[in-house]
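Lettering follows sequence order; numbering is per chain, from 1. All values below were derived from every heavy atom in this structure, side-chain atoms included, with hydrogens, water molecules and symmetry-related copies excluded.
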Number of protein chains: 2
Amino acid sequence: METTPVSSTLAEAAAARLRSEIVSGELPSGARLAEAVVAQRLGVSRVPVREALVLLEREGLVEFTATGRACVKALSPRDFEEIFVLRLALEPVAARLAAPTLKSDMARLEDNLAATREARSLREVTTLDLEFHEIIIAASANSRLLRLWCSLRSELELWLGGLQRSKQIQTSATQPETVASHEEIVRGFRTGTPADCERLMRRHILGWREWLPTPEEMEP
Amino acid sequence: METTPVSSTLAEAAAARLRSEIVSGELPSGARLAEAVVAQRLGVSRVPVREALVLLEREGLVEFTATGRACVKALSPRDFEEIFVLRLALEPVAARLAAPTLKSDMARLEDNLAATREARSLREVTTLDLEFHEIIIAASANSRLLRLWCSLRSELELWLGGLQRSKQIQTSATQPETVASHEEIVRGFRTGTPADCERLMRRHILGWREWLPTPEEMEP
DNA sequence: TATACTGAAACGGTATACCGAAATGGAGAC
DNA sequence: GTCTCCATTTCGGTATACCGTTTCAGTATA
């Protein structure tokens, strides 16, 4: 859950740094990522950079041209829809599987909810929202699902970051909705059945999809 | 769908070859994959081998020890359950999304079904079954889903290969079941609604889970 | 002015070399 | 005989070097 900036290998460190620069918008969509340039900027050689780029490509943040050139991926509304479909298919199931585990240990979920109530910036709300979902997915105890989520989360951060920068969503609208919806889900874990949790998560994600615009274009 | 043994880069070629050796059982679970050894065997240097190993790790066929040593992953019944959960969550949705597309172009699906009817070996049935599912997933037009499937498929091939080698499933039992179930699904695409297809696929995967044993142990 | 050509620079793919850490096997002590 | 410890070897992480290809700018030509 932690952002683990600590990495044993230079490649992971480079990937972490590039990931952060991409989702934060420092590296805008479409930016070229020449191995030598990135290597020099990060103060390492090309090999770990190369590995980092491969990692980020699998994560969906980087894409390679036909000739092997890497650049920051530009997410389209179509990409967003793909991610939405996967979330809708997976997260309700994750909630159901996580229900027994979470019922007996809701501390992290409640901490997250409390923090979300007091969040003041859109950035905070977004981060806490993603963490909320990650807690549930991690509790579903499916390593493949968690790995997939980490990839989707990066792409979501990239997408949502773009929306924020272009001022297409506001804190005032999303924060109360998020809190209310999360409260409902926490209540579900506390008093409901696994099937209830599944239903609530499904509704939550469908609702989340509704709040968000799907602009035909967004600029960094 | 094709096994694309052609690769532009040595790393991909090495990954393809290693993948084939792993799922075929030539490289048994737990086998050490020392970079230098693999590199010499494949006639390339360590760099592409290294990249191939990272790729295969993401694919779930290779795992790294804490000290960075690579070895062929040993799938456990627990891993199999994780894969099952993901298939059950994703493939019915894929079938629903693929329904409109497939209704107007069922050639590949029917070819596959015909081939499955005439399959004689368990290996053939397994391969055709996985291809059947891949056709549907590809038709759902979700690139992330397809990528995930490719990874799950590799792991399934590894798992099923292990079962075959230890003679824990027989052609006689699985082939008629597979054909019948696939026929039903094809009928669903032809005459049913997308929701019907989703239901049928869900039943198919639940049934598939039932046929298979989940041994506590299997040996290469 | 627009377009085709050409040569230099940039870039990615790969091989090799070096280094530090980890694993392994054998010698010595108990 | 067994356990421990140390030295040798193996191995992975990283940097650097080389080569073929792709880009791109500058120039010449229609």
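Ring-plane geometry between B:Trp159 and B:Phe80 is classed as parallel, the angle between the planes falling under 30 degrees on a 0 to 90 degree scale with a further cut at 60. Between B:His182 and B:Phe132, the ring-plane angle classifies as parallel under the 30° and 60° cut-offs.
Both A:Val44 and A:Thr65 lie near DNA chain D, and the one whose nearest nucleotide falls closer to the 5' end is A:Val44. Map A:Gly68 and A:Val47 each onto its nearest nucleotide of DNA chain C; the residue landing nearer the 5' end is A:Gly68.
We find that CZ of B:Arg50 is positioned 15 Å from P of C:dA15, with the value rounded to whole Å. The distance from atom CD of B:Glu51 to atom P of C:dG12 is 13 Å, rounded to the nearest whole Å. Following rounding to the nearest Å, A:Arg32 (CZ) and C:dC11 (C1') show an atom-to-atom distance of 8 Å. C:dA10 atom C1' lies 13 Å from atom CD of A:Gln40, rounded to whole Å. Between A:Glu35 atom CD and D:dT14 atom P the separation is 15 Å, expressed in whole Å. Distance, B:Glu57 CD to D:dG12 P: 14 Å, rounded to whole Å. A:Arg69 has its CZ atom 5 Å from the C1' atom of D:dT22, to the nearest Å. The CZ-C1' distance, from A:Phe64 to C:dC11, rounds to 13 Å in whole Å.
Across C:dG13, D:dC11, D:dA15, the shortest atom-to-atom separation from the side chain of A:Leu10 is found for D:dA15. For B:Arg46, taking side-chain heavy atoms from C-beta onward, the closest of the listed nucleotides C:dC11, D:dT14, C:dA15 is D:dT14.
Contact check on A:Glu82 versus A:Arg78 returns a salt bridge, with a Lys/Arg side-chain nitrogen under 4.0 Å from an Asp/Glu carboxylate oxygen.
The shortest side-chain heavy-atom distance between B:Pro48 and B:Thr9 does not fall under the 4.5 Å cut-off.
The side chain of B:Thr9 contributes no N or O atom lying less than 4.0 Å from OP1 or OP2 of C:dG12. B:Thr67 has no side-chain polar atom (N or O) that falls below the 4.0 Å cut-off from OP1 or OP2 of D:dC11.
For A:Arg144, the CZ atom is densely surrounded, since the number of other residues' heavy atoms within 6.0 Å is greater than 12.
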